[in-house]
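Here the structure comes first, spelled out in structure tokens, and everything after it is commentary.
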Amino acid sequence: MTHEYIPAEIEAAAQDYWDENQCFSVYEDPEKEKYYCLSMLPYPSGQLHMGHVRNYTIGDVISRYQRMLGKNVLQPMGWDAFGLPAENAAIANRTPPAKWTYENIGYMKDQLKRLGFAYDWNRELTTCSAEYYKWEQWFFNRLLEKGLAYKKMSVVNWDPVEQTVLANEQVEKGRGWRSGALVERREISQWFIRITAYAEELLNEIDNLEGWPDAVRTMQRNWIGRSEGVEFTFAVEGEEPLGVYTTRPDTILGITFISVAAEHPLALKAATGNPDIAAFIRECKNANTTEEELETMEKKGVPLGIQGIHPITGEKIDIWAANFVLMGYGTGAVMAVPAHDQRDWEFARKHHLEIRPVIKCPDGTPHNYDEGSLTTKDGVVCNSGQFDNLNYSEAFEAIANYLEERNVGRKTVNYRLRDWGVSRQRYWGCPIPVVYGEDGQPVAVPDDQLPVVLPEDVEFSGVQSPIKNDPGYYQTSLPGTRDPATRETDTFDTFFESSWYYARYCCPGQEDAMLDERANYWLPVDQYVGGIEHAVLHLLYARFFYKLMRDAGMVNSDEPFTRLLCQGMVLNGGVKMSKSKGNIVDPQEMIDLYGADTVRLFIMFASPPEQAVEWNDGAVAGAHRFLRRWWSFVQRMKTTIAPARKQLQDPSWSRDLTDTRARDLRRVTHRILERVNRDYDKIHYNTVVAGAMELFNHLEKFDAEANAHCAAALRESVVMLNKILSPITPHIAHRLWHELGEEGDIMDARWPVVDREALKSDTVKLVIQVNGKLRSEMEVPVSSTRKEIESMAVRDPKAQRFIRGKDIRKTIVVPGRLVNIVV
RNA sequence: GCCGGGGUGGCGAAAUUGGUAGACGCGCCAGACUCAAAAUCUGGUUGGGGCAACCCAGUGUCGGUUCGAGUCCGACCCUCGGUACCA
């Protein structure tokens, strides 16, 4: 059997062909409609995992489909090469991060090639190369010039044993994951990018992102968290006034205490003469910095013995230090209204603080806080003097105006979004291009001295960043002088690299600029594909960065990603594949065993792209079985259907097709095609594959040898099915295309179009329901009127059994679907 | 805690978005081929009842709207993603 299905041979041959003919290299062609399909670039962790395979197969199917629709398709690939895992590997293997990273890239690139992805490899980029990050440093200088980059104190996880900053991921139950030491909150000076200056635009433009999943749009809206409220101050004797922000000014008369962060100046000052407060502040340092931790930990506090003066009543309100308030988020102080806020209520109950209701219960019942009958929703104000009986918006206005007139407050818009902290105290990242003079003031490294190159040949044995201990790196001079200076040894957050890589793909080889005019041919990205875990951070930073580039005149659209698809995870045994769970299925083994087409087919078939997919060895074998059957079917039939090739080139070939069997096959084929095309457009590839299998089941049962009409009909279906499968299983499709004697390459073939004539049928099947329950079905002429359908349904013998002896109250006819008789 | 998803046969899922619940595949059962097994092919396969035609129940739980609900509304349970230094 020379015509056995041997994927290894077929796939290697197809890949060589694509490589040699540069089939996926694309150029700007103003004559053609462009389509930019982008998959999130991988972190080069060592090997591809199934999540990558799924992500990139989805992107590849989209790209190949769009190409067959006649578009000029760009699909690039690159490496998100900076990051923490390289440092961990360096410690574990005593390999410098750069070496480890480049080796991984080499291996993973080979794996990607073996999966047959239609990438334009000429545009490959690696974010840890100085050619790439040079432009990041250059752009940072532009942000400095505009005042969009600045320094401020900010909290980090400090490991007192290793004397280093830990990522949240490196903190386990409050302890450093290697040292086991209790982690401390520590404030250090860090670089920030002013994303809050773009908060309004980032929020408003979410409305225009119609090609994005609603879930992501909602999450981004909530993350930005625009609120309208009032900001006002409490006078504090001998101190600066204490500012707070609230969205509930209607409850201001219910304030019974104020909480400030443990790091707040008022707390620190109070601690000097009070060991209890000092101890509490020390205790607060032993906490993680995550929001989750902040919100779920036990709420603790101590009174500072100082009071703020209520701006309306003039009452003295006790100020507490609390562990759930963080310095640096807002003012570091919050007002507390325990009668109408769950957290404040719990805190007040614990510390026996006054609970003063100022909003009437909705049903008029009295407040009973021992039972916890808490009104947290807005309502009618009470116990608030002149503001009594106002509703929420009236009270909001009246109280805001009151504070504004007395110059102690004002209405304001607030965002939950905080500025983007980009400093990382790590080695394996892009150096922040700044030096510090002897006065400690930061000075930008001039453009002509960029890039500031990260030394790659380093000893990395401990957890400390090697460049922080390397005078050869950090000792320098102030630009344009001989004055000694010290380099910034922090590096950028790796989200910096992934915020603009999609634009750089458009400008391969450009050494003199960050981007050039080619970017505006390809951008914005038409379809972005990646994991839902990036719903907020990466996708928000990338949107922000794009607007920064727009305002720097480098791109001329407002949003980087027109459509977004978030693929689900790959699970095994109901949980995510991971090393720690020991449930990893190695894509390489699967490719070796079955071939890339089988792996691609399985992963597209098993689940809709947005949903989690469960790995199933048996189903993979099933996908392979299908390809083998399809392959041998074509081998068996290709001679029979060969003579019809010329005939099918005439667009009106089917007009003379009189054989009923041939016409039936065409009806089935085009009905399935109609569904398949719809599903391709909607990126429902699991049902595309189901449709392909269904069509194939029909073809296998079809007798093509009956006559020439049947042979022609089968040829149409076979060629069509090969096209339908080709974006998903491109190698076998490429080969069979040639075996079928078709011209050119299938990747440039025209996508099949539904023949409306072929769909036509004389009759239609209708379901008969009685009281909404299925009781019978009937075949009626398509031309039947509503009346005719009703009377046929009522006379139907099976339906009669449920109608007889009862009054027909009404009859509902849904054309083409059903009749429901209500008795 | 907060924000956002998801719960449908033994399993992955489908259902033209309010109109036949379970397409397609996996698994399983039976049969064919074989000395036998594997592979392959054919048929069956939501559960319960019935010789059968058929009947009843059924889409996480409870309630509601509707001629009709997996789909819409309300409450709840479980689970997954994110939570600003994992990427």
Side-chain angles (χ1 to χ4, degrees), chain A residues 40 42-43 45 80 82-85 88 156-157 165-171 190 213-223 225 289-297 324 329 342-343 416-426 493-495 498 531-538 540-541 566 568-569 571 574-576 602 605-608 610-623 625-626 628-629 674-675 678 684 686-687 689-694 697 765-775 777 798 801 809-812 814 816-823:
Chain A
M40 290 181 186
Y43 178 79
S45 55
D80 187 19
F82 277 137
L84 203 51
N88 295 334
V156 293
N157 303 308
V165 174
L166 298 181
N168 286 333
E169 193 189 48
Q170 297 172 312
V171 181
Q190 307 199 66
D214 287 336
V216 177
R217 297 164 77 185
T218 306
M219 279 189 267
Q220 290 216 350
R221 274 193 199 99
N222 293 339
W223 185 267
T289 56
T290 68
E291 190 196 342
E292 183 187 3
E293 171 98 357
L294 208 62
E295 292 289 335
T296 54
M297 70 186 172
F324 53 86
Y329 302 171
Q342 186 71 31
R343 185 176 71 185
R416 203 187 78 97
L417 181 69
R418 306 194 299 259
D419 275 339
W420 178 13
V422 293
S423 293
R424 296 292 179 272
Q425 297 69 45
R426 290 179 230 300
D493 176 9
T494 57
F495 279 128
S498 56
I532 185 70
E533 67 272 19
H534 296 295
V536 176
L537 291 180
H538 161 62
L540 191 62
Y541 291 140
C566 293
M569 287 181 309
L571 311 176
V575 290
K576 189 176 180 175
F602 163 74
F605 178 47
S607 219
E610 292 91 341
Q611 214 167 297
V613 60
E614 182 79 29
W615 187 262
N616 179 333
D617 285 324
V620 180
R625 187 152 54 231
F626 171 77
R628 224 162 45 216
R629 276 167 62 201
E674 195 177 28
R675 269 164 41 206
R678 193 191 63 223
H684 291 182
N686 55 326
T687 49
V689 176
M693 288 174 168
E694 200 183 329
N697 289 342
K765 197 181 85 177
L766 289 186
V767 156
I768 304 174
Q769 294 181 338
V770 179
N771 286 347
K773 288 199 167 193
L774 173 70
R775 295 304 180 189
E777 53 184 48
K798 284 183 190 169
R801 296 208 315 257
R809 292 228 316 262
K810 70 171 157 178
T811 310
I812 294 137
V814 184
R817 302 208 70 100
L818 57 76
V819 186
N820 188 14
I821 302 159
V822 186
V823 297

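Small disclaimer: the values here were computed from a predicted structure and weren't measured. Here is how names work: the chains are called A, B, and so on, in the same order as the sequence lines, proteins then strands, and each is numbered from 1.
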[atom1] of [X] versus [atom2] of [N]: gap in Å, rounded?
{"X": "A:His538", "N": "B:A84", "atom1": "NE2", "atom2": "C1'", "value": "15 Å"}
{"X": "A:Leu818", "N": "B:G19", "atom1": "CG", "atom2": "P", "value": "9 Å"}
{"X": "A:Met297", "N": "B:C2", "atom1": "CE", "atom2": "P", "value": "16 Å"}
{"X": "A:Met569", "N": "B:A87", "atom1": "CE", "atom2": "P", "value": "19 Å"}
{"X": "A:Gln342", "N": "B:C2", "atom1": "CD", "atom2": "P", "value": "9 Å"}
{"X": "A:Leu571", "N": "B:G5", "atom1": "CG", "atom2": "P", "value": "19 Å"}
{"X": "A:His684", "N": "B:A14", "atom1": "NE2", "atom2": "P", "value": "9 Å"}

Rounded distance in Å between the [atom1] positions of [N] and [M]:
{"N": "B:U45", "M": "B:G22", "atom1": "P", "value": "12 Å"}
{"N": "B:G70", "M": "B:U17", "atom1": "C1'", "value": "12 Å"}
{"N": "B:C33", "M": "B:G43", "atom1": "C1'", "value": "15 Å"}
{"N": "B:C24", "M": "B:U42", "atom1": "P", "value": "13 Å"}
{"N": "B:G50", "M": "B:C11", "atom1": "C1'", "value": "29 Å"}
{"N": "B:A69", "M": "B:G10", "atom1": "C1'", "value": "27 Å"}
{"N": "B:G9", "M": "B:G44", "atom1": "C1'", "value": "15 Å"}
{"N": "B:G18", "M": "B:A23", "atom1": "P", "value": "23 Å"}

Sugar-phosphate or base contact per nucleotide [[range]; S, B, -; heavy atom under 4.0 Å]:
{"range": "nucleotides 42-52 of chain B", "result": "-----------"}
{"range": "nucleotides 22-30 of chain B", "result": "-BBSSS---"}
{"range": "nucleotides 62-67 of chain B", "result": "-----B"}

Measure from the side-chain heavy atoms of [X] and tell me the nearest of [options].
{"X": "A:Glu533", "options": "B:G82, B:G1, B:G19", "value": "B:G82"}
{"X": "A:Met219", "options": "B:A13, B:G4, B:G82", "value": "B:G4"}
{"X": "A:Arg628", "options": "B:A84, B:A39, B:G12", "value": "B:A39"}
{"X": "A:Arg801", "options": "B:A87, B:C55, B:G1", "value": "B:C55"}
{"X": "A:Glu614", "options": "B:U20, B:C54, B:G12", "value": "B:G12"}

Legend entry - CG on A:Asp214 to CE on A:Met219, rounded to 0.5 Å: 10.5 Å
Under 4.0 Å between any heavy atoms, over every strand shown, what does [X] touch: base, sugar-phosphate, or nothing? Just pick one.
{"X": "A:Ser423", "result": "base"}
{"X": "A:Trp420", "result": "nothing"}
{"X": "A:Phe626", "result": "nothing"}
{"X": "A:His534", "result": "base"}
{"X": "A:Val814", "result": "base"}
{"X": "A:Leu417", "result": "base"}
{"X": "A:Lys798", "result": "sugar-phosphate"}

Presence of [X] side-chain N/O under 4.0 Å of [N] phosphate oxygens OP1/OP2:
{"X": "A:Gln611", "N": "B:A13", "result": "yes"}
{"X": "A:Arg775", "N": "B:C56", "result": "yes"}
{"X": "A:Ser607", "N": "B:A13", "result": "yes"}

Inset, instruction - Not counting sequence neighbours, which residues clear salt bridge (charged side-chain N to carboxylate O under 4.0 Å, His left out) with A:Glu610? List them please. - result: none
Inset, instruction - Sequence neighbours left out, what passes salt bridge (charged side-chain N to carboxylate O under 4.0 Å, His left out) with A:Arg416? Give chain and number order. - result: A:Glu291
Inset, instruction - Report the glycosidic orientation of B:U71: syn if within 90° of 0, anti in every other case. - result: anti
Inset, instruction - For B:G9, measure the glycosidic angle (O4'-C1'-N9-C4 for a purine, O4'-C1'-N1-C2 for a pyrimidine) and name it syn if it falls within 90° of 0, otherwise anti. - result: syn
Legend entry - side-chain contact (heavy atoms from CB on, under 4.5 Å) between A:Val613 and A:Leu571, worked out: CA-CA 6 Å; A:Val613 60; A:Leu571 311 176; over 6 Å; no
Inset, instruction - Return the 5'-most residue of the pair A:Val216, A:Asp419 with respect to RNA chain B, ranking by each residue's nearest nucleotide. - result: A:Val216
Inset, instruction - Report the residue (A:Leu537 or A:Pro608) whose heavy-atom-nearest nucleotide on RNA chain B is the more 5′ of the two. - result: A:Pro608
Within the 4.5 Å heavy-atom criterion, are [X] and [Y] side-chain neighbours or not?
{"X": "A:Glu295", "Y": "A:Phe324", "value": "no"}
{"X": "A:Phe626", "Y": "A:Phe605", "value": "no"}
{"X": "A:Gln170", "Y": "A:Asn88", "value": "yes"}

Inset, instruction - Return yes if the base of B:G82 and the side-chain atoms of A:Glu292 contain a donor-acceptor N/O pair under 3.5 Å, otherwise no. - result: no
Legend entry - Any strand: nucleotide that pairs with B:A32 via Watson-Crick or wobble, under 3.5 Å: B:U40
Inset, instruction - Run the numbers on A:Leu766 and A:Val814 for side-chain contact (heavy atoms from CB on, under 4.5 Å), then give the verdict. - result: CA-CA 9 Å; A:Leu766 289 186; A:Val814 184; over 6 Å; no
Inset, instruction - For A:Arg775, enumerate each residue passing the side chain to side chain donor-acceptor pair (under 3.5 Å) test, keeping only those at least two apart in sequence or located in another chain. - result: none
